[in-house]
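Here is the structure we will look at.
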Amino acid sequence: MSTVNSFGSNPPDSLPGAHLHDQETCGHTVQFYAEDHSLITGLSRLIAAALGTGSSAIVIATKSHREALVLELQALGLDTMTAGLQGRFTLLDAAETLAKFTVDGWPDAARFTEFIGGSLARAKAASIGGNSGVVAFGEMVSLLWTRGKPDAAIRLEQLWNDLGKTHDFSLRCAYPMGSFPREEDGEPFLKICAEHSGVIPGESYTELATEAERLRNISQLQQKARALETEKAQRENFQDCLRIRESELADILENALQGVQQVGPDQTILWANKALLKLLGYAPQDYIGRTLGSFHVHQHVFEQFWAKLMRREDIYDYPAELRCKDGSVKQVVINSNGLWENARFVHTRCFVRDVTEQKRLEQVLRGAEKQAAMGRVAAGIAHEINNPLETVLNVFYLLRDHPSLDADARELARVANEEMERVRHIAKQTLAFCRDSESPVPTSLRLILGDVLEAFRRQIQTNQVTVERNLEADGLVVAFPVELRQIFINLIANALQAMPEGGTLRVSLRYSSQCSGNGVRSGMRVSVTDTGLGIPAKHRHKIFEPFFTTKAEKGTGLGLWVSRGIVQKLDGTIRFRCAKSQGRTLTSFAVFIPTDGMGFAVS
Amino acid sequence: MAKILCIDDESAALDIRKRVLETAGHQVLIARSGDEGIRRFQAEPFDLVLLDYWMPGKNGIATARELKRINPSVPMVILSGLSQLPDETMGVVDRWILKDEGPQFLLSTISTLLGST
């Protein structure tokens, strides 16, 4: 690139910063500016100097810059119209010119050389005088930069440099300083500077009048740079702290033991933490993105909840039921409020606590309280009934063989006694459901079975029944002793009644386990087996029904029904089976009473 | 047959119970309160004592406890209309029988106890 010496005539010294704007009127310089006014002032002096000495000028700029430049030149007394007609002053639009030689946004060397080279040659030819040349100003590079194409801008700078090797002109480029606001702009900024033979700093520097002022300015800029570096380091440190804190908060929410979720204004679940997904059994993709209402069992409950949120209420312990993936239902309480920005609802802050087990226990407790109350009532009734009952039974017992009665009266007394026996039995069975103690206690099944067998000793002897006991364990269970006694009285009484002509009664007690829906449960198993008449197949499906009996007037039909009710209250099972073995009919009832979670070790 | 002391505050029930026991051949003496029963027990020997649980003043257990102190070898049977008695009952008496068990059960229990002494 040749030097256009004739461009070097200095502008008036009175203009601030003139020495810097004009010290490099040759080569390929770049000017950085903050205000358009500063650019236009410097540029007008450059162009005025060129045109004033017979050189030509080509200005490739934006429309506003071109218009401002022409006004400024005219204000300096230059006849831009004539210069234009002479071909010495050419104004080109930066964007239109750029479009002529770029392909897919990238400057094409051949097209650039052809178009710009041609323009320079024509300008050169129009210049007047032996030392005259061409001065060019271009801000196409700035345009590329602001379009986010720094590489293309640098490439264009290089094409200008290449063109300088074959054409005689000097060139000034200009970039607004505002184009380089970020730290990462530093490197391409230096690359741009490196493509130029001279750099003109922004007007805050160039407009200073003396060397001393400029040195002060540099010192101040160095101080500012240092302060910025320090601030930047502090900010990075602060950002690191923020990132750590953010990560900790995210961890608290994500790994909290309570369910947390965010729900958007359209009721879509935006996010849910692990605890909530685990509680309901959903994978994230099955839950997040769906509407919250679809997981609520009761729509009206959800709608009321949502209406409260939309009224900006803080919601505490709102009870709801949520549907789990496996179809089960969890009872929960929800604490929630909304994040609002101005009048816009952004999302909920929703905390969900599982209270399924708590509700179940409350229900059990209510049931237990009810049972305890019933028990107290039953105890009173039992006492009031049993006292006169004993006397009446005793009276009939005495009347049975009373010598003052004739045969007819004795028969009537016998019938009355039998009916009274039925009353006694029904009262006993019915009241077995109710207890007069407050709570179940650890009870030995072995002792209970021993007592019951002892109570039946007379009947066992009368029926000539052989008893085989296999009570291998204490069989501690938590229960009401009177209820356990009732179960085995019923089973053993049935067994003895099934063996009027003798047989074998086998009673065993052993540790056992049982599979259930919730896994394997451990507990105690009592088996009562007889070798009696058996249960006809046609009756087997009915034996646990109330008032079903095969004993005609001798039975109440309540024994097995009551026994099963008591076993079920203990969360146990009662089963029976009939089998033929060595010509005998074996009827066996097996009672399983779980000992899991009874709060003591069964040994 | 045995000599039995029968204690109950309800006269009608006590008299009928006495006659039931007598049908089994027992000699029965009665007392209408715990204190009266204790006096009789101190005065003469008995083979067995049958007490009602629910009595004004000294109840059946309190009475039985004193009787056992006087002579621990005599079997004591408590009769009760309640299906559950205090835990201490079995530590004091030899058997407790529900009143709804009927006379045969009562006689059978007494027979068992007398047979084992």
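The sequence lines fix the lettering, A, B, ..., with proteins before strands; numbering per chain opens at 1.
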Can you confirm whether [X] is buried at [atom1], in the sense that more than 12 heavy atoms of other residues, nucleotides or ligands lie under 6.0 Å from that atom?
X        : atom1 : result
A/Glu501 : CD    : no
A/Gln464 : CD    : no
B/Arg19  : CZ    : no

Candidate pair B/Phe105 and A/Leu393, rule side-chain contact (heavy atoms from CB on, under 4.5 Å), full reasoning: CA-CA 11 Å; B/Phe105 187 79; A/Leu393 286 169; over 6 Å; no
Side chain, backbone, both or neither of B/Thr23 within contact of chain A (heavy atoms, under 4.5 Å): side chain
Heavy-atom cut-off 4.5 Å, strictly under: side chain, backbone, both or neither for B/Glu10 against chain A? side chain
Within-4.5 Å side-chain heavy-atom neighbours: B/Arg17 and A/Glu390: yes
Pick out which of B/Leu21, B/Leu106, B/Asp15, B/Ile16 makes a side chain to side chain contact (heavy atoms under 4.5 Å, CB included) with A/Asn394. B/Ile16
How close do A/Thr391 and B/Ala13 get, heavy atom to heavy atom, and via which atoms? OG1-CB, 3.5 Å
Could you grab the distance from atom CG of B/Asp52 to atom CG of A/Asn387, nearest 0.5 Å is fine? 6.5 Å
Let me see the working for A/Leu389 and B/Lys99 under side-chain contact (heavy atoms from CB on, under 4.5 Å), right down to the final yes or no. CA-CA 8 Å; A/Leu389 188 63; B/Lys99 286 185 176 174; over 6 Å; no
